[in-house]
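Presented below is the structure to which this report refers.
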Amino acid sequence: MQTTVTNNVNITNSDAQFRQDFAIIANWVKFGSKVLDLGCGDGELLQFLRTGMEVKGYGVEKDDANWLACLNNGTNVIQMDLEDGLSGFEDQSFDTVILSQTLQAMHNTQEIVQEMLRVGHEIIVTFPNFGYWRNRIQITNGHMPVSKTLPYEWYNTPNVHLCTINDFDQFCKKYKITILERKVITDGSEVNFMPNLLGNLAMYRLKAI
Amino acid sequence: MNENNAIGTNSVGIVAPQTAHFNAPLTLKSGAVLPQFTLVYETYGKLNADKSNAVLICHALSGTHHVAGKYSVDDKYPGWWDNLVGPNKPLDTNKFFVIGVNNLGGCHGSTGAASINPATQQPWGSQFPVLTVEDWVTSQALLADYLGIKQLAAVVGGSLGGMQALQWTIAQPERVRHALVIASAPNLTAQNMAFNEVARQAIITDPEFHGGDYYAHGVVPRRGLRIARMLGHITYLSDDAMGAKFGRKLKDGVKYSFDAEFEMESYLRYQGDKFAGEFDANTYLRMTRALDYYDPALPFDNDLSAALKNVSAQFLVVSFTSDWRFSPARSREIVKALLDNERTVSYAEVTAAHGHDAFLMPDKHYHDILHTYLSKIEV
């Protein structure tokens, strides 16, 4: 059921949403710039950015299988735990530092965002919006939400710091982080009306004040 | 080719060492001059027509040129990195021409302290110069010239061998396309050097060391070398690995003696005895000194990033979680310096229980990493 306000892009499946997600990020990084993708998974986003935007990309990934997948597809990948910070990276040494759908699984949420702001001129943070109406309905029905963007049961989820768009806006205000741009998407389409209720995935382009 | 010969599955088979003589004097970093020298080496696989598929393997403290294969079907053990090198192994000899070389100052055929000094017609002994990682790379580059190889597809090394791989990219940036730096460091910590000092003191204070001129006395400082090796073995294993391997197991109950009652003791004694019977003490001293001295950042105000400014090779850096002698933090320093210079680098921190020795073990994930990286190198 699609009841969200959509723009004219008619994409409804989750793969397409991933592409929309990537397309927005690609739009936010400069052509030929230097990009660090934290928690880069199998390197899919960096491959997309290398191909489309000719970025000089590095990924950070902890998981062995994902790390190996990166090596296999030609992504420069550094194996380390983001919870330990970014001490291996110099101040302002990247044009853009990306944390794509990983923020909610971080223990040291504030620290990693501050570290990203230290290393990157700009940062991109995306996360599943816990305030999305489908999540609210599941809570109302007495259950923790399980969906395509939150695919875990309460007992096996890596997510420890889920938040809503309103929460993250407050977080940015409190820590004096400038929101350069925000996009909210649901099933591949941008949401402009009541994003905290109707938006599934929140995407922020940020910089330090 | 999935070879299954008398030597074992995917072995390079029966191999033989080769010798290269260099008659031009070699000026070392110390200023000392070797009037001439010999390097003994082995090769596996075929050098291709445009000579673009050569991979040099640099050995660590006690390694040799005998990396893979056996000298005869009756040989008990293959070369020291046989699990890595061979047809269809991670370093695939169907694709690459692999070179193993005994470093200058070694005791397996290359010119070293036991060799005859042409000036005196006596063994060099104490007069043999102290060598550095830089000197080894210089001499290895001369071997590459000798073999007609302008550029190596890759240099691979673990531990002290990793330092040589790193040094290749600094000293010969146009001659190496890839560096695989494994379980290594950009220099040694004080604690790491301290182990070397204890090892050297064990050798030097052995009454049969004779200031390094023991050849003339027909003896070897066996006790010192044995203790040096026992100490080394402790540092190459993790506490957990030693616990898993030996724990507190006794061979035959408590005897209230100082014999090798615990299995760990008999392991160390066995390793020490074996090593003391086959390795040259003067080589051990020089190998540990080369480790101590290596510090490419030193001339750059201890700025490793500045030291790696002219590096052009692509890097794979690998460390092992339980390696406390060459800890992951030291490998990350190399990675950071490469990132600072925007070089192509990937870094793996392999979860392994074996400590420093892990770099020689055929762990599946570790070998998958090496296989994946090496398979993507174009030749």
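Every chain is numbered from 1 and lettered A, B, ... according to where its sequence line falls, protein lines coming before strand lines. Heavy-atom basis, side chains included; hydrogens, waters and symmetry copies ignored.
- With sequence neighbours left out, A:Y204 forms a side chain to side chain donor-acceptor pair (under 3.5 Å) with A:D169.
- Other residues, nucleotides and ligands contribute only 12 or fewer heavy atoms inside 6.0 Å of the CG atom of B:D301.
- With rounding to the nearest 0.5 angstrom, the CD1 atom of B:I369 is 6.5 Å from the CG atom of A:L68.
- Screening residues 164-187 of chain B for ring-ring contact (aromatic ring centres under 6.0 Å, His included), with sequence neighbours left out, gives B:H178-B:Y373.
- Nearest heavy-atom pair, A:L71 versus B:K376, reported as atom, atom and distance to 0.1 Å: O-CD, 3.4 Å.
- The closest donor-acceptor contact from the side chain of B:S346 to the backbone of A:V77 lies under 3.5 Å.
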Return a table of donor-acceptor pairs under 3.5 angstrom between the side chains of residues 237-244 of chain B and protein atoms on other chains or two or more places apart.
from   : atom 1 : to     : atom 2 : distance (Å)
B:S238 : OG     : B:A241 : N      : 2.9
B:S238 : OG     : B:A353 : O      : 2.6

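- Sparse packing is recorded around NE2 of A:H143, with 12 or fewer heavy atoms of other residues, nucleotides or ligands lying under 6.0 Å away.
- When heavy atoms are compared at a cutoff of 4.5 Å, A:K34 approaches chain B solely by way of its side chain, counted from C-beta outward.
- Environment of CG in B:N310: sparse, with no more than 12 heavy atoms of neighbouring residues, nucleotides or ligands closer than 6.0 Å.
- Under a cut-off of 6.0 angstrom, the local environment of CD in B:E378 is sparse, with at most 12 non-hydrogen atoms contributed by other residues, nucleotides or ligands.
- Other residues, nucleotides and ligands place more than 12 heavy atoms under 6.0 Å from the CZ atom of B:F300.
- Within residues 311-345 of chain B, the residues having any heavy atom less than 4.5 Å from a heavy atom of chain A are, in residue-number order, B:L316, B:V335, B:K336, B:L339, B:D340, B:E342, B:R343, B:T344, B:V345.
- In terms of modelled atom types and a separation under 3.5 Å, the side chain of A:Q79 and the main chain of B:Y347 share no donor-acceptor contact.
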